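Remember, it's a predicted structure, so these values are computed and weren't measured experimentally. Below, all heavy atoms of this structure are taken into account, side chains as well, without hydrogens, waters or symmetry copies. Throughout, numbering of the chain's residues begins at 1 and tracks the sequence.
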Amino acid sequence: VQLQASGGGLVQTGGSLRLSCRASGFAFSSYAVAWFRQAPGKEREFVVSVNSDGGKQYWADFVKGRFFIDRDNAENTVYLQMNSLKPEDTAVYYCAARIYYSNTYDDYNIWGQGTQVTVSS
């Protein structure tokens, strides 16, 4: 059972990144997937969750309209497209999976290792 997050990097303010979260070892298409992020010195916070078929998405208010999520169940992968990035988006981004949607990180039992996103001003 594994989630592999990738796609982070260094980008200037206003730039874009596309994060990927690839699953293996479990029935990915039956699971909701979420992205959380954690900035230095701060608690992990919810960014977005998508249900198992991709038809429902739940967003944190601070990213609406800038980020987009998509999932490809045939490839066992969820993508997080991040546009108009700001320095305050700098954080380690984690993907997580569970059967039912939740915006609380304690509810998730499958986690990726995190990918660093750094937005320079």
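- Closest of all the heavy-atom pairs between Ile110 and Val1 is CD1-CG1, 3.7 Å.
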Check residues 10-27 and write down every donor-acceptor pair under 3.5 Å in which the side-chain atom is one partner and the other belongs to a residue at least two apart or another chain.
from: Thr13; atom 1: OG1; to: Ser120; atom 2: O; distance (Å): 2.7
from: Ser16; atom 1: OG; to: Asn83; atom 2: OD1; distance (Å): 3.0
from: Arg22; atom 1: NH1; to: Glu75; atom 2: O; distance (Å): 2.9
from: Arg22; atom 1: NH1; to: Thr77; atom 2: OG1; distance (Å): 3.3

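- Annotation for Tyr108: hydrophobic cluster partners, listed by chain and number, are Phe36, Phe46, Tyr58, Val92, Tyr94, Tyr101, Tyr105, Trp111 (ILVMFWY side-chain heavy atoms under 4.5 Å, direct or chained).
- Every pair tested for ring pair (Phe, Tyr, Trp, His ring centres under 6.0 Å) that includes a residue from residues 60-91 fails, sequence neighbours excluded, so the list is empty.
- Side chain of Arg71 to main chain of Asn73: no donor-acceptor pair is present (N/O by atom type, distance under 3.5 Å, no hydrogens or angles).
- With a 4.5 Å cut-off on side-chain heavy atoms, Val63 and Met82 do not count as touching.
- Listed by chain and number, the residues in a salt bridge (charged side-chain N to carboxylate O under 4.0 Å, His left out) with Glu88 amount to none (sequence neighbours excluded).
- With no hydrogens or angles considered, no side-chain donor-acceptor pair links Ser6 and Gln4 at under 3.5 Å.
- Not one N or O on the side chain of Thr104 forms a donor-acceptor pair closer than 3.5 Å with the backbone of Asp106.
- Residues passing the side-chain hydrogen bond (donor to acceptor under 3.5 Å, both in side chains) test with Asn76, sequence neighbours excluded: none.
- Of all non-hydrogen atoms in Arg66 and Asp89, the two that sit nearest each other are NH1-OD2, 2.7 Å.
- The side-chain hydrogen bond (donor to acceptor under 3.5 Å, both in side chains) check on Tyr31 picks up nothing, with sequence neighbours excluded.
- Within the 4.5 Å cutoff, the side chain of Val48 has heavy atoms near those of the Leu80 side chain.
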